[in-house]
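Written out below as structure tokens is the structure these notes cover.
Nothing here was measured: the structure is a model prediction, and the numbers come from that model. Chain identifiers are assigned alphabetically (A, B, ...) following the order of the sequence lines, protein sequences preceding nucleic acid strands; residue numbering begins at 1 within each chain.
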There are 2 protein chains.
Amino acid sequence: MKLTINRQRFLKILNIVNIAIVPKSPTPAYLNFKLVMKSNELQVLGSNGELTISSTCPIEENGKNLITDYEEGETLISARFLLEIVKKLESDIVTLEIIDEVIARISDNKSEFKLNSIRAYEYPDLDLEKQGEEIVFLAEDLKKIVSQTAFAASTKEVRPVLTAINAKGNGNEIEFVATDSYRLAKKTYYINQDVHFLANIPVKTLIEVSKLVEDGEVVMTISETKAVFSYKDTNIYSRLISGDFPKISNMFPSNYPYVLQVNSNNFVAAMERVSLLAIERENIVKLAVSSDKLEISSKSEQIGSAIETIEDFRYTGDRFEISFNVNYVIDAIKAAQSEDVVLSFVGEMSAFKVSSLDDESIVQIVTPVRSYY
Amino acid sequence: MKLTINRQRFLKILNIVNIAIVPKSPTPAYLNFKLVMKSNELQVLGSNGELTISSTCPIEENGKNLITDYEEGETLISARFLLEIVKKLESDIVTLEIIDEVIARISDNKSEFKLNSIRAYEYPDLDLEKQGEEIVFLAEDLKKIVSQTAFAASTKEVRPVLTAINAKGNGNEIEFVATDSYRLAKKTYYINQDVHFLANIPVKTLIEVSKLVEDGEVVMTISETKAVFSYKDTNIYSRLISGDFPKISNMFPSNYPYVLQVNSNNFVAAMERVSLLAIERENIVKLAVSSDKLEISSKSEQIGSAIETIEDFRYTGDRFEISFNVNYVIDAIKAAQSEDVVLSFVGEMSAFKVSSLDDESIVQIVTPVRSYY
């Protein structure tokens, strides 16, 4: 195997594929890039067993040679060192050559690195087939879906299914739901396709995909066990998480006796100030609202107390008090991405809804906490 | 005690004084700002026992009122919370009022915080006298002195004196020396004063002072036990470190048989690339030079090998090889702040000199290491 490749392009691909590579793995082969020089392209592949990324560089693009002087073949090379070397070289092109099947010689006119490499057949067999239903997203839409839901997923592995975003395709709409069981985010996405699927997609995968894609389209191919995201020259393969996702149909009552509308920025800024003194009580703040007064407050024996008065608001309902984890409400308001936000309450100890006036596709649910002052 | 103060100015002072405050202290009073409202100014003071910073805000400056509606008095307030509150408020002015001597009420028109505060007499007695010899630096010179020497000081507390920069004033020159016993940086500073002193100034203090000062003059007042740096409205008080600093007079031989001159940027970039494969051998790289060839290399059984050829250099001497910790040499070259750099060698196992062609005031010494390949 041998090739001379445009350094910037090579670096870009290595950086993309490197997302799938973890610093430590029980399968040492996963610490490597798998490089396959074919007759028409270079393929670079990285994996940690759960997430696999493959990206290709063609020999030629728009009449410009990206790869020259090549011989077909394949090898495994330490991801960490290959990436660092290609990053630090100063030349426009890099030559990579496998000597005696176990030494990778990486060079330009000034530098020469010889890395111990591994034969490609020592890499685990990965299922890289694309099978199942194809759903087409605009890249910007997918990024928004992830930014509006992913934060609500659990980061703890205790209940693996809660580290996924539950995606349900039903006709021309897809519902994305994330919950850590204390709060929930639901986003509805409408498409020009007729789709039917149900999948728990790891939130980590969706975050990486949303960071990677910039413009144009992303195709998700979804089967019983696997989701594949295809974007330009890159395929991202992710396992799905098995298990039943919590039912959410009974979480949205039809009647809310207490409804508050506030300016998002003012409300978040006030909550951030009040929360300064709420640390020792796990960020619990109290909201008290009546037709003529809106106050947020927090109290700590050790530190002191804080109270904020908000002038500009609309409220329908009797005088009402509720306490909650301020970070959950701030996250929910930010996810609404709306100038004004509506908080709809059922009662002091019932989950409440955070929604936007302009965009009904995104709804958040937050569980309150008991307050002791 | 009571005052209404310009918020931005108050925040600036709190941020400066906060540098001296540590997150945890065996003396709980040190977790607080000491605020003293006097007849003509507000003084804010913070300390950790070793470093103390005091900064003041006048009532009025250039015809503009900075403090209004004040009553004299003093108090201790949690540094962490006061700083966060003043940072997060949105108003132009902040009102601070001490109620019943133990509650600090901090407010603007929207927010009200009540922090538990402590009576000022519970603060340790600090010696804030300025005594001793006064030395005047330009702020930019002091910043350069620190950037060229501080990195060579030890970060380990095993030999406390090595965590200081040794400053020796002798006539119209001051010699600053830092060493961690593996490498050494020496900077000579010439002044229009006749000075005589010897002091081990904690490198941490000098780094903080150099970050704080921007332009104009800094006055250092130095006594047997203490250095005070005065800059605009701020005084920084630091203890000195006792103990004998290593003698350096015998570290600069008069004759160097091997002298290499290289472009700083090229040489550093090449060393950074080669060092990629030198991690498992503690960043040791080998330099081999003769009249027509300059190579830097590293080798690791596990990973592989790297070799760099440098085209542009000047050399006088026989063929010569030496191995060293590449980070020490990179630091030394960067400190020279010069386009070209000169490395002067005595022998394979002798400390060598890194110096600049343009600026004789800065000289670095690096100890080599044994290489096994």
Side-chain angles (χ1 to χ4, degrees), chain A residues 28 31 77-78 80-91 94 99 102-118 265-280 294-312, chain B residues 28 31 77-78 80-91 94 99 102-118 265-280 294-312:
Chain A
L31 306 178
I77 306 182
S78 159
R80 177 177 162 210
F81 289 108
L82 183 58
L83 188 58
E84 284 300 320
I85 290 168
V86 175
K87 199 181 285 174
K88 280 243 160 62
L89 288 175
E90 288 169 356
S91 53
V94 187
I99 302 166
V102 287
I103 292 169
R105 181 176 170 279
I106 302 141
S107 60
D108 63 5
N109 48 349
K110 288 194 292 187
S111 316
E112 181 181 284
F113 293 86
K114 286 181 178 154
L115 289 182
N116 304 332
S117 64
I118 306 170
N265 287 342
N266 290 349
F267 197 60
V268 166
M271 285 201 293
E272 283 175 345
R273 282 192 292 271
V274 167
S275 74
L276 287 176
L277 303 198
I279 335 167
E280 68 176 28
L294 172 56
E295 279 182 352
I296 322 171
S297 61
S298 71
K299 195 164 190 155
S300 144
E301 284 295 325
Q302 292 271 328
I303 308 163
S305 63
I307 189 159
E308 287 272 339
T309 312
I310 290 164
E311 299 289 337
D312 189 23
Chain B
L31 305 179
I77 305 181
S78 159
R80 177 177 162 209
F81 289 109
L82 181 59
L83 187 58
E84 283 301 318
I85 290 168
V86 175
K87 199 182 285 173
K88 280 242 160 61
L89 287 175
E90 288 169 358
S91 53
V94 187
I99 303 166
V102 289
I103 291 170
R105 182 176 170 278
I106 302 142
S107 60
D108 62 5
N109 49 349
K110 289 194 293 187
S111 315
E112 180 181 285
F113 293 86
K114 286 182 178 153
L115 289 183
N116 303 332
S117 63
I118 305 170
N265 287 342
N266 289 350
F267 196 60
V268 166
M271 287 201 292
E272 283 175 345
R273 282 192 293 272
V274 167
S275 73
L276 288 176
L277 303 197
I279 335 166
E280 66 176 30
L294 170 57
E295 278 182 355
I296 323 173
S297 62
S298 72
K299 194 164 192 157
S300 143
E301 283 296 324
Q302 292 269 327
I303 309 162
S305 62
I307 188 159
E308 287 272 340
T309 312
I310 290 165
E311 299 289 337
D312 190 23

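- Partners of Gln302(A) under the side chain to side chain contact (heavy atoms under 4.5 Å, CB included) rule, at least two apart in sequence or in another chain, are Glu280(A), Ser300(A).
- The shortest non-hydrogen separation linking Arg273(A) to Lys88(B) is NH1-O, 3.3 Å.
- Rounding to the nearest 0.5 Å gives a distance of 11.5 Å between OG of Ser297(B) and CD of Glu112(A).
- Contacts of Glu295(A) with chain B are absent, with no heavy-atom separation under 4.5 Å from either backbone or side chain.
- Looking at Leu89(A), both its backbone and its side chain come within 4.5 Å of chain B, counting heavy atoms on both sides.
- To the nearest 0.5 Å, the span separating OG on Ser305(B) from CD1 on Ile103(A) amounts to 8.0 Å.
- Once rounded to the nearest 0.5 Å, the distance linking CD of Glu90(B) with CG of Asn265(A) reads 9.0 Å.
- At a threshold of 4.5 Å between non-hydrogen side-chain atoms, the residues Asn109(A) and Thr309(B) do not count as touching.
- Of the listed residues Glu84(A), Glu308(A), Lys87(A), the one with more heavy-atom pairs under 4.5 angstrom with chain B than any other is Glu308(A).
- When each of Leu276(B), Ile106(B), Val274(B) is checked for heavy-atom pairs under 4.5 Å with chain A, Leu276(B) comes out on top.
- Atom CD1 in Ile296(B) sits 9.5 Å away from atom OG in Ser111(A) (nearest 0.5 Å).
- Arg80(B) contributes atom CZ, which lies 6.5 Å from atom CD1 of Ile303(A) (distance to the nearest 0.5 angstrom).
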